[in-house]
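These notes are about the structure you will find just below.
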Amino acid sequence: MEYGISTKCLYGNGLTSSPDTSGAISFPIYQTATFAHQAVGESTGYDYSRLQNPTREQLEKVVASLENGIDALAFSSGMAAITALFELFEPGDHIITDCDLYGGSIRLFNNISKKNGIEFTHVNCSQALSGDEYGKAFEKLVNERTKAIFIETPTNPMMNVIDIRKLAKIAEKNKLLLIVDNTFLTPYFQNPLRLGAHVVVHSGTKYLGGHNDTLAGFLVTSSEEIAQRLRFIIKTVGSGLAPFDSWLILRGIKTLAIRMERASKNTGRIVEWLLCQKRVTKVYYPGIPENPGFEICKGQAGGFGCMVTFEVETKELALEILKKVRLIQFAESLGGVETLVTYPITQTHADVPKETLAANGITDRVLRLSVGIEDEEDLIKELERVFYE
Ligand SMILES: *Cc1c(COP(=O)(O)O)cnc(C)c1O
């Protein structure tokens, strides 16, 4: 029997690996670095916490069940997860990525992966795939050294939607790994592995943790072979998530479903409000029927998420909003219960080359909201105050 997603948030697939017999409802924190052996060749299944720890293992099982993967690995941050993932590749390998990605991923690829001999082609995937039923225009980017495609959908911060099924077909035909960073929509709204992706990435710091209090990252896969290679990598490079942080994320995930419901409802209301304001010149949200990604997002996800990016009339107004906000806080990050506003050009995307920013439409008038679970009336009042008072 497979549980529904809200139940999985509490119990995963119902399996528990707790060696604890006390009946504790909350999974224990195994705050230990190492584990004792009875004799040579005998192990409890745990040897050293860099390899595995029961609390981390429980978290990994829950996340694997949410994403319908055969295995999930928990890392000390989203960037640690992506860094470990890139240990699958070798000098000379070529990877196609979308041009609109989390700024930290772009920084990693441009400065570290490139130095390690990996080559990249950055492309606007939604554009390259649109108007071509078979994705032939996109496929032209593939060469004999291409190993993988790496995307986020909706993209950060411009909220472009990429057709995962279409990319999965291209990946299969050309024997490429399709990697989807699913941080924005979370497994509550979108399951890329079910759409044909091979690896899902998460910044667990965001919606999975959900409380802006812990850093974490995940890799989830549908492939036994990749799972084994990633297990070797995590124990070798040592960037696995600590027991206490694993427990915090386990606790956060318990309320993922109700947080996503509430925050996306708030987001719908805020989007409606933004669309009515003359001082707002653009609203980027896949849930707007006029958005070019609306139908694709509807076809591959159960919701449009809780992130909205918008552009205001002038840079001065953008700066004024950032100065005036009180209930909404001006801070980097997203996915927590608190509504945050970000200025991508100086924060999340500060290290992104100027040409990329311009091509993606990230100007000094663009703001990004991560909508939380406050009362929607309070959020609207706050917006009215910072825009007009
Ligand atoms: C935040 C984020 C990351 C990086 O995760 P950290 O936990 O901050 O290291 C990667 N991808 C996306 C989409 C993110 O929002």
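Whatever order the structure lists them in is the order used to number ligands and atoms, beginning at 1.
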Return a table of N or O atom pairs, ligand 1 on one side and protein on the other, at distances under 3.5 Å, rounded to 0.1 Å.
from	atom 1	to	atom 2	distance (Å)
ligand 1	5 (O)	S203	OG	3.0
ligand 1	7 (O)	G78	N	2.9
ligand 1	7 (O)	S203	OG	2.8
ligand 1	7 (O)	T205	OG1	2.6
ligand 1	9 (O)	G78	N	3.0
ligand 1	9 (O)	M79	N	2.8
ligand 1	11 (N)	D181	OD2	2.7
ligand 1	15 (O)	K206	NZ	2.7

Can you give me every donor-acceptor pair (side chain of residues 191-199, partner residue at least two apart or in another chain, under 3.5 Å) with its distance?
from	atom 1	to	atom 2	distance (Å)
N191	OD1	N68	ND2	3.3
N191	ND2	L66	O	3.1
N191	ND2	E67	OE1	3.2
R194	NH2	E2	OE2	3.3
R194	NH2	N68	OD1	2.9
H198	ND1	L178	N	2.9

Set of side chain to side chain contact (heavy atoms under 4.5 Å, CB included) partners for T214, sequence neighbours left out: D245, L248, I249

Polar side chain donor-acceptor pair, W273 to E384, under 3.5 angstrom: yes

Near-ring test Y188/Y207, centroid separation under 6.0 angstrom: no

Mutual orientation of the aromatic rings belonging to F120 and F86 [parallel < 30°, tilted 30-60°, perpendicular > 60°]: parallel

Distance-only donor-acceptor hits, side chain of residues 333-341, under 3.5 Å, sequence neighbours excluded:
from	atom 1	to	atom 2	distance (Å)
E338	OE1	N212	ND2	2.8
T339	OG1	G372	N	2.7
T339	OG1	E374	OE1	2.6
T339	OG1	E374	OE2	3.3

